[in-house]
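This report refers to the structure that appears directly beneath it.
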Protein chains: 2
Amino acid sequence: MVVEKKRSPVGAAVLRDDITVAIRGAVVAELAEVGYGRLSIEAVARRAGVSKAAVYRRWRSKLDLVLDLVSATAGRNLPLLDTGSLLGDLELLLQVMARALQHRMALQIIPDLLAEAARTPQIAEKLHQTLEDYQRTIGLVVIGRAVERGELSAATDQRLAVDLIVGPIYWRLAITRTPLGTAEVRRAAEMIVAALQVAGAGPDAPEAEV
Amino acid sequence: MVVEKKRSPVGAAVLRDDITVAIRGAVVAELAEVGYGRLSIEAVARRAGVSKAAVYRRWRSKLDLVLDLVSATAGRNLPLLDTGSLLGDLELLLQVMARALQHRMALQIIPDLLAEAARTPQIAEKLHQTLEDYQRTIGLVVIGRAVERGELSAATDQRLAVDLIVGPIYWRLAITRTPLGTAEVRRAAEMIVAALQVAGAGPDAPEAEV
DNA sequence: TAACGACGGTACGGTTGCGTCGCGACGCGT
DNA sequence: ACGCGTCGCGACGCAACCGTACCGTCGTTA
């Protein structure tokens with residue numbers, strides 16, 4: 001018993017998927033090429049081979065466009081396989097991250113949006129939430145699993161731990177843009193394990209801001 | 001960088017320093033507010049209370065303007081005091097970095113320029129060179145000193161070591177923008193020391209790219 | 001005191017993007 | 001066969017910047 005009001009759902013004149021897809025692709029390309037700051041609807045439409053009106057029919061502004069894109073992309077989570085040891089899990093995670101961060105598009109767009117987040121609250125919120133999810137996943141799965149195995153103290157500061165894991169590889173690949181070999185990833189994993197093992201002290205007294 | 005021609009040094013009509021300073025300040029402010037992508041000479045001149053012509057008399061383009069600014073700012077090096085131990089040096093370094101990265105301007109401008117570097121070779125080169133100097137300094141002074149003390153193996157991979165030191169704090173403050181307490185900095189320093197100590201293995205066989 | 005050159009101000013024509021509108025055409029359900 | 005809403009296309013007025021040019025003014029130095 002479908003009670004929907006077919007009152008005025010349209011017939012054959014519906015937003016065409018192929019055009020929507022083309023626009024999304026064009027946004028990604030433009031974002032990589034000129035950045036969010038210089039992104040223009042005109043250029044997006046031009047690149048997608050589409051009229052401006054077609055874009056405005058779907059999204060009200062370039063902010064909407066980008067937020068939507070981030071939402072769609074952010075959904076893809078890393079499969080965190082259980083290798084049986086903290087070192088193994090960590091090395092795998094770093095390898096996956098390294099692979100993702102070597103992609104040209106990612107390397108252009110991610111830092112750009114992160115920088116833009118500093119002045120556009122909506123972007124900041126969306127990215128922050130995505131990052132938070134990502135980091136919590138790492139914390140719970142990788143660290144949590146290691147705690148269950150007895151490899152790490154239960155008092156491990158997850159936030160700090162995640163910083164230690166994610167920070168170096170992001171810095172290396174996205175900031176300094178220096179190539180990273182597999183052997184180096186392995187050694188980095190070993191070093192991080194050592195770091196995590198001395199973190200058992202856990203958070204103590206209330207802290208002063210720096 | 002204001003060029004001075006000595007041959008026929010002009011009379012009283014010389015580029016005024018106060019105006020140069022005003023423009024520089026305006027560039028920083030604009031850079032923080034709208035980013036490099038949206039930076040316009042018009043806005044800079046407006047903000048500095050100066051005519052566009054005054055800007056063009058000193059710099060040919062906004063790229064020149066920014067490159068000059070980066071050169072001027074990058075000169076300021078961190079004073080790396082010798083505290084007598086790797087842990088002490090590291091904690092001090094992290095505290096100084098944390099302080100620098102908490103400044104609002106830095107937090108807006110640095111990620112923005114780093115992102116822009118991905119598409120503007122001149123900016124990339126200048127920043128890369130600055131970063132390289134900075135990292136080499138950390139490597140030589142902090143790590144080198146610890147090696148002399150016998151705290152670290154001489155085979156320590158300096159590049160990886162620096163990634164481990166700088167990455168986490170940059171990630172935490174500039175990317176996730178989460179506050180960082182002094183006690184956390186201390187614990188992070190301890191963790192990093194542990195990581196560096198297991199890095200003695202040094203670089204081994206030739207590596208495949210990820 | 002005369003010359004020089006940067007000063008602020010102002011204006012120029014040209015380019016780019018904005019967001020909206022109307023046109024005729026198209027194709028698909030009713 | 002009809003009507004719907006999308007399609008591409010083109011045009012609109014408006015705004016921001018671009019880079020350059022020309023003013024009359026001003027302070028210094030030769």
Side-chain angles (χ1 to χ4, degrees), chain A residues 2-27 29-68 112 116 119-120 122, chain B residues 1-27 29-31 33-68 116 119-120:
Chain A
V2 184
V3 198
E4 300 180 5
K5 41 185 335 192
K6 309 200 160 184
R7 192 59 199 96
S8 58
V10 296
V14 180
L15 291 174
R16 276 165 53 184
D17 270 7
D18 57 330
I19 289 187
T20 304
V21 169
I23 296 175
R24 279 224 176 81
V27 171
E30 281 294 311
L31 218 41
E33 197 166 311
V34 304
Y36 179 84
R38 283 207 180 290
L39 185 79
S40 73
I41 302 284
E42 296 245 10
V44 168
R46 207 181 304 137
R47 184 185 290 256
V50 148
S51 69
K52 268 199 297 177
V55 178
Y56 280 108
R57 270 176 209 122
R58 280 153 242 256
W59 297 277
R60 323 175 75 209
S61 65
K62 76 172 183 178
L63 179 58
D64 268 36
L65 203 41
V66 171
L67 287 181
D68 182 33
D112 192 275
E116 185 60 31
R119 64 181 73 93
T120 309
Q122 294 96 324
Chain B
M1 189 179 313
V2 183
V3 193
E4 33 186 334
K5 34 160 47 175
K6 313 192 168 180
R7 189 53 199 97
S8 51
V10 297
V14 179
L15 291 174
R16 276 165 53 185
D17 270 7
D18 57 331
I19 288 188
T20 304
V21 169
I23 296 175
R24 279 225 176 80
V27 171
E30 281 293 312
L31 218 41
E33 196 165 312
V34 304
Y36 179 84
R38 283 206 180 289
L39 185 81
S40 74
I41 302 285
E42 295 246 7
V44 168
R46 206 181 307 137
R47 175 170 233 135
V50 149
S51 68
K52 269 200 295 177
V55 179
Y56 280 108
R57 271 176 208 124
R58 280 153 244 256
W59 298 276
R60 321 173 71 202
S61 65
K62 77 173 184 177
L63 179 57
D64 269 35
L65 203 41
V66 171
L67 287 181
D68 181 32
E116 184 61 31
R119 65 181 72 94
T120 308

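Just so we're on the same page: letters track the sequence lines, and every chain starts at 1. Atoms considered below: every heavy atom in the structure, side chains included; atoms not considered: hydrogens, waters and symmetry mates.
Look at CG on B/Asp64: it is 16 Å from C1' on D/dC18, rounded to the nearest Å. Across the protein-nucleic acid pair, B/Asp18 atom CG and C/dG8 atom C1' stand 13 Å apart, rounded to whole Å. Separating the CG atom of A/Asp17 from the P atom of D/dG5 is a distance of 19 Å, rounded to the nearest angstrom. Per the geometry, OH belonging to B/Tyr36 stands 16 Å off P belonging to D/dC17, to the nearest Å. B/Trp59 places its CH2 atom 18 Å from the C1' atom of D/dC18, with the value rounded to the nearest Å.
The nucleotide whose nearest atom lies closest to any side-chain atom of B/Arg57 is, among C/dG9, C/dA6, D/dG8, C/dA6.
Under the 4.5 Å side-chain criterion, counting only non-hydrogen atoms from C-beta, A/Arg58 is not in contact with A/Leu65. Counting heavy atoms from C-beta outward, A/Trp59 and A/Ile41 have side chains that stay 4.5 Å or more apart.
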- Carefully, step by step, assess B/Val66 and B/Leu39 under the rule side-chain contact (heavy atoms from CB on, under 4.5 Å). CA-CA 10 Å; B/Val66 171; B/Leu39 185 81; 4.1 Å; yes

Set out, line by line, the N/O atom pairs under 3.5 Å between protein and nucleotides 14-20 of chain C.
{"from": "C/dG17", "atom 1": "OP2", "to": "A/Arg46", "atom 2": "NH2", "distance (Å)": "2.9"}
{"from": "C/dC18", "atom 1": "OP1", "to": "A/Ile41", "atom 2": "N", "distance (Å)": "3.0"}
{"from": "C/dC18", "atom 1": "OP2", "to": "A/Ile41", "atom 2": "N", "distance (Å)": "3.2"}
{"from": "C/dC18", "atom 1": "OP2", "to": "A/Glu42", "atom 2": "N", "distance (Å)": "2.9"}
{"from": "C/dG19", "atom 1": "OP2", "to": "A/Tyr56", "atom 2": "OH", "distance (Å)": "2.4"}
{"from": "C/dG19", "atom 1": "N7", "to": "A/Lys52", "atom 2": "NZ", "distance (Å)": "2.9"}
{"from": "C/dG19", "atom 1": "O6", "to": "A/Lys52", "atom 2": "NZ", "distance (Å)": "2.8"}

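Salt bridge present: A/Asp68 and A/Arg24 bring a charged side-chain N and a carboxylate O closer than 4.0 Å.
For residues 35-44 of chain B, the set of pairs meeting the side-chain hydrogen bond (donor to acceptor under 3.5 Å, both in side chains) definition, not counting sequence neighbours, comprises B/Glu42-B/Lys52.
In this structure, the side-chain hydrogen bond (donor to acceptor under 3.5 Å, both in side chains) partners of B/Glu33, at least two apart in sequence or on a different chain, are B/Arg47.
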